[in-house]
Participant: 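This is the structure, below, for whatever I ask next.
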Amino acid sequence: MNSWDDDSCIKKHQQSKRAIPPRQAGGKILILNVVIGHGTPDNTTKEAQVLTDMYMMRGSGFEREEKEWESVFLRAGLSDYNIMPIIGPVSII
């Protein structure tokens with residue numbers, strides 16, 4: 001669940017990119033967050049999505065679809081990413 005708008009998120013990813021070595025030298029950024037529409041659409045996923053949505057209603061956070069994550073990454077200068085669903089709507093990016 002993300003509480004950063006796109007510009008803040010992009011800035012944080014740009015800072016991370018400057019702080020870690022390049023990918024060829026083993027550098028990686030790992031993100032644990034929601035990717036809407038990604039993963040297996042089973043009952044566990046649906047239940048987790050409902051709980052996540054309820055949690056989001058209490059604050060100012062929001063969730064992104066893969067295309068929205070892709071836009072953030074590209075604007076931050078990150079050219080490669082993978083999404084690995086782990087439980088419900090939550091993935092390692």
Participant: When you compare the side chain of W69 with that of S91, does any pair of heavy atoms fall below 4.5 Å?
Facilitator: no
Participant: Which heavy-atom pair separates I83 from P85 by the least distance, and what is that distance?
Facilitator: O-CD, 3.7 Å
Participant: List the atom pairs, donor and acceptor, that lie under 3.5 Å between side-chain atoms in residues 17-31 and the rest of the protein, sequence neighbours left out.
Facilitator:
residue: K17; atom: NZ; partner: G77; partner atom: O; Å: 2.6
residue: R23; atom: NH1; partner: D80; partner atom: OD2; Å: 2.0

Participant: Which residues pass the salt bridge (charged side-chain N to carboxylate O under 4.0 Å, His left out) test with K67, not counting sequence neighbours?
Facilitator: E70
Participant: Looking only at non-hydrogen atoms, find the nearest pair between Q14 and R75 and report the distance.
Facilitator: NE2-O, 3.6 Å
Participant: Between S8 and W4 (side chain of the first, backbone of the second, donor and acceptor by atom type, cut-off under 3.5 Å), is there such a pair?
Facilitator: no
Participant: Supply the atom-to-atom distance R64 CZ to D6 CG, rounded to the nearest 0.5 angstrom.
Facilitator: 4.5 Å
Participant: State the CG-CE distance between N82 and M84, to the nearest 0.5 angstrom.
Facilitator: 9.5 Å
Participant: Drop me the distance from I92's CD1 to L32's CG, to the nearest 0.5 angstrom.
Facilitator: 6.0 Å
Participant: Could you check whether the rings of F73 and H13 sit parallel, tilted or perpendicular, using 30° and 60° as the cut-offs?
Facilitator: perpendicular
